[in-house]
Amino acid sequence: MSRILRVAGAQMGPTQRADSRPATLARLEALLDSAASQGARFVVFPELAFTTFFPRWLYENDAALLENYERGMPNPAVQPLFDRAKALGVGFSIGYAELTEDGRRFNTAVLVGPDGKIMLKYRKVHLPGSVEPRPENRYQQLEKRYFEYGDMGFPVARGPAEWGGPVLGSLICNDRRWPEGWRCLGLQGVELVAIGYNSAAYDPNGGDGEDAERRTFHSTLAVQANAYFNATWAVSVAKAGVEDGAGLIGGSVIVSPNGIVVAEAKTLGDEVIVADCDFDACLQGRGPGKIFDFGFHRRPDQYRRIVEQTGMEPPV
């Protein structure tokens, strides 16, 4: 059975505060259609794909703030995207601001199968920024104010047989810059990590030590290094361009288990990148004497040790 899946990164250009939800949804559907027309069966969208990057603003009005959150996923406002994907037989990953029934708020992503059903939900762990605004900064980074830290760990899910049954995982934006999340996924045998991000094209801490070029370099470096360290495919996708005066980097990439960039966005606008992911290529880094040995059926002691240390059961 072939384990090659054509995947797409659906980079978005900027979404302004004044943009309507229907207009943004139409862009997402157009990107989905473009990816499907190029043969992609799984599409990765960015973090907070339905809205502008609203944590850059200090909201004095709770009602205005809560307009950025999704109460359930899917919900009537976004159901057309789910319906279109199901009609095309295409799965996808998408990030959004989650408001739970009991009022908790998370920066969340879901992975959706070709049948339109959610396979996996992940809540962002590595929240950047601050709780209180920094008056000296023109633009804020208030994720710690508007979201709780993720409480679901780093879960994985097995994709459908028609995709070759890959082990899938998710990270969101700042998560990609830290090795711990990647390793938690790696220890569970992950073969494709879907990543969405909205990353500032300037130093978000208000300094002048980073510019768009350096931040794009670091974004790509983090994905290449960790994809190689964990012998996994990675699809890392931006919302890019200038949102209400604040720049976001682009640099969306698809990276192989050897850490090689096999597809890369060239613009800061809506753009689709595509690559064929051979999941058997993950085995090169996972055999005896490699990064780690996933032959758990031959190494029950190793299996037990990983379960005891992490609380996670790697796929066998």
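Sequence positions, counted from 1, serve as the residue numbers for this chain. Hydrogens, waters and symmetry mates play no part in the numbers below; they use all other heavy atoms, side chains included.
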Salt bridge (charged side-chain N to carboxylate O under 4.0 Å, His left out) between Glu98 and Lys121, intermediate numbers included = CA-CA 11 Å; Glu98 176 190 7; Lys121 176 191 279 190; 2.9 Å; yes
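- Between Trp182 and Phe229, the distance from one ring center to the other does not fall under 6.0 angstrom.
- Within a 6.0 Å radius of CZ in Arg214, other residues, nucleotides and ligands contribute 12 heavy atoms or fewer.
- Under the salt bridge (Lys or Arg N to Asp or Glu O under 4.0 Å) test applied with Asp276, the options Arg41, Arg6, Arg3 reduce to a single match, Arg6.
- Residues Phe42 and Phe92 keep their aromatic ring centres 6.0 Å or farther apart.
- Of all the heavy atoms in Val255 and Val261, the pair that sits closest is CG2-CG2, 4.1 Å.
- Here Phe54 and Tyr69 bring their ring centres to under 6.0 angstrom of each other.
- Note on ring orientation: taking the six-membered ring where Trp is involved, the planes of Tyr139 and Trp57 are perpendicular (angle over 60°, cut-offs 30° and 60°).
- With hydrogens and angles ignored, the 3.5 Å screen pairs a side-chain donor or acceptor of Asn198 with a backbone N or O of Glu47.
- Residues Ser93 and Ala194 share a closest heavy-atom pair of OG-CB, 3.8 Å.
- Rounded to the nearest 0.5 angstrom, Thr232 OG1 and Glu191 CD are separated by 7.0 Å.
- The side-chain hydrogen bond (donor to acceptor under 3.5 Å, both in side chains) test with Thr52 is passed by exactly one of Glu243, Lys239, Arg17: Glu243.
- Annotation for Lys86: atom NZ does not count as buried by contact number, only 12 or fewer foreign heavy atoms lying within 6.0 Å.
- The two residues Val235 and Gly9 have their closest heavy-atom pair at CG1-CA, 4.0 Å.
- Put simply, the side chain of Gln11 gets close to the backbone of Thr267: a donor and an acceptor are under 3.5 Å apart.
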Could you go step by step and tell me if Asp175 and Tyr122 meet the side chain to side chain donor-acceptor pair (under 3.5 Å) rule?
-> CA-CA 11 Å; Asp175 289 324; Tyr122 168 69; 2.7 Å; yes
